[in-house]
Structure formats: C-alpha cells, structure tokens
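Here's the structure, in structure tokens; my notes come after.
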Amino acid sequence: MLWWFILNFVFLLVALPEPSIAPTKVWAHSLSSSELQVFWDPILPSHSKSTISGYEVLLWEEGSLESEAMKERVIRSPAHITGLKGGTLYLISVRAHNSGGVGPASAAINMTTKKPPPSQPPGKIEWNLTNSKIFLQWQQVKAMDNESEVTGYKVMYHQNWHKGTSIVETNQTSLELQVPAGEDLLIQIKALSDGGDGSYSSPIHIPKMSNLNSRGYFSSDANKMVHVHEVAFLMLSWLLL
Ligand SMILES: *[C@@H]1O[C@H](CO)[C@@H](O)[C@H](O)[C@H]1NC(C)=O
Ligand SMILES: *[C@@H]1O[C@H](CO)[C@@H](O)[C@H](O)[C@H]1NC(C)=O
Ligand SMILES: *[C@@H]1O[C@H](CO)[C@@H](O)[C@H](O)[C@H]1NC(C)=O
Ligand SMILES: *[C@@H]1O[C@H](CO)[C@@H](O)[C@H](O)[C@H]1NC(C)=O
C-alpha cells in the first residue's frame, strides 16, 4: 500500500502536464472519395509549457457525435486519413498530445470527400486485330449524380502468367496497342475519376497474334442471349486462328 502511494507520488512529480494550447491554421484537402489530407501549424516549443509528442486528428461525420470521432495519431502535419465515406461532409479538429494526455482541440473545420468513382465498368468492349496492332473501343462510362465525373480510362493487359502486366491510360474511349506476336492477351478496362478508380470490366481474352485479322465483342449486360452470342463469336475467332 505504501509503495503504491510512493509510486503515485513519484509519478505525479515526473508526469508531464498535457499540452495547454490547440494547433492553429487547420485545413484539409480532399484527395479522393475515401482519403483526406489534414494540415495545421505546429505548436512551437516556445509557445507550449510542455513538450509535445504528436498530434491527434479527430474526424466525425456531420450529424454524428464528436465523441464517436475517428482518431488518427501522427507525429507532425500533414495527416493522411484513409477509409472515409465518399461524398460525405466531415468535421475535423486537431489536438496535441504527450504522455500527460491530450490538449485542447482546435475549432472544427469541415471538408467533403469526393464522390465515389462510377460503379459501372466500361461496357460494350469491341476489338479487332491487324498484324500486331489491337484496336480497342468501348462505350463511355456515364457517372450518376452520386458519382465523380469520369476523367479517363485505364486499360490493363497481361500477356501470360510469366510476363508482367502493362497499364495504359487514355482519355478517349478507344486505344490502339502494339503488342508482340505469339501470346494470348487478357484485357480489362476501368474508368478513372477524381474520386478514385472505378471497377474493372470482366477480362477479355484475345487469342494469340497471327497474320490473320480477327475481331471480337464483349458486353457487360446481364443478358444471357447476348452472352451466348459473344461466346459463340469468340469461339469462332478462336477457330479461325
Ligand atoms: C463548413 O465550413 C464553412 C466555413 O468554412 C461554414 O460556413 C459552414 O457552415 C460549415 N458547415 C458545417 C456543416 O459545419
Ligand atoms: C477496327 O475497328 C476500328 C473502329 O471500329 C475501325 O476504324 C478499323 O477500321 C477496324 N479495323 C479493322 C481491320 O477492321
Ligand atoms: C448511386 O445511386 C444509385 C441509385 O440511384 C446506386 O445504384 C449506386 O450504387 C450509387 N453509387 C454509389 C457509388 O454509391
Ligand atoms: C486528353 O489527353 C491529352 C494528352 O494525353 C491532352 O492533351 C488532352 O487535353 C486531353 N483531353 C481532354 C479532353 O482532357
């Protein structure tokens, strides 16, 4: 018991007081539908009676309780916050902390995350093959009201299991690829937006290059009849090779 009192007494003597002032000039920058960057001015040692070991960023959704805020600790500004909801207004404040506890929080600022990327992948993908050139064409992805505008497309193609994946970006809805002959190709396309990348279309298999010309068509419509046709068509282009 005595030891406990002595320990507590010693602890009180050496414990730091928590920071006494709040960080200033807090501002945020929206990076995507799930990420924000939060900046602030550091608390200078000459302004603080106690040392500061880091900062805690508090974020809570408009209408929810500050006590339920998500907390992210960093050593210094800026803090990169991930895992947020898209198109959502967040209230944000920052406070300093040390071993003595947390200091006062700055006045809350607010920032809205970008709208999520379009949920629809590019559809109606058509291709044709001439010598070692592939010409790809797809239907424009249209963002809904609750989604970020499309800024371009990313076309990913892999040649086989051993070779790497190549990615080409374009702001058109068509692309010409020069690919080495003698390999099967898998192609996937997704839309890009300020809110982040959309989802990839289902992979399209383009049979290995030949001097013969071929072409194909793929639609993401959930229409079984269309699908059967496509499969038949792809099979046909396979057989032609
Ligand atoms: C967001 O901040 C602006 C000023 O920066 C303020 O006018 C507005 O009322 C704030 N909105 C909310 C919901 O707090
Ligand atoms: C491939 O498709 C594009 C666009 O549909 C067309 O301009 C081009 O002529 C086609 N090439 C061949 C060889 O069919
Ligand atoms: C946008 O709203 C539509 C319904 O209006 C919904 O189907 C879609 O999933 C929403 N998109 C996102 C990214 O939440
Ligand atoms: C498309 O990209 C090219 C360069 O990659 C750029 O010069 C052009 O301005 C872009 N067009 C649009 C509409 O963004």
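For reference, positions follow the sequence shown, starting with 1. All ligand and atom numbering here is 1-based and tracks the order in the structure.
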Close side-chain approach of Q139 to Q120, heavy-atom, < 4.5 Å: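 A side-chain contact is absent here, since even the closest heavy-atom pair is not under 4.5 Å.
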Under 3.5 Å donor-acceptor, S33 side chain and G195 backbone: yes
Exam field: side chain T151 to backbone L192, donor-acceptor pair closer than 3.5 Å: yes
Crowding at CD1, I75 (>12 non-hydrogen neighbours, <6.0 Å):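 Not more than 12 within 6.0 Å, no.
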Contacts of type side-chain contact (heavy atoms from CB on, under 4.5 Å), residue E61, not counting sequence neighbours: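 With sequence neighbours excluded, E61 shows a side-chain contact (heavy atoms from CB on, under 4.5 Å) to S64, K85, T88, Y90, given in chain and number order.
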P117 versus D197, closest heavy-atom pair with distance: CG-O, 3.2 Å
When you check ligand 1 against the protein, what N or O pairs turn up below 3.5 Å? List the atom names and distances, or just say none.
| residue | atom | partner | partner atom | Å |
| --- | --- | --- | --- | --- |
| ligand 1 | 2 (O) | N110 | OD1 | 3.4 |
| ligand 1 | 2 (O) | N110 | ND2 | 2.3 |
| ligand 1 | 11 (N) | N110 | ND2 | 2.9 |
| ligand 1 | 14 (O) | N110 | ND2 | 3.3 |

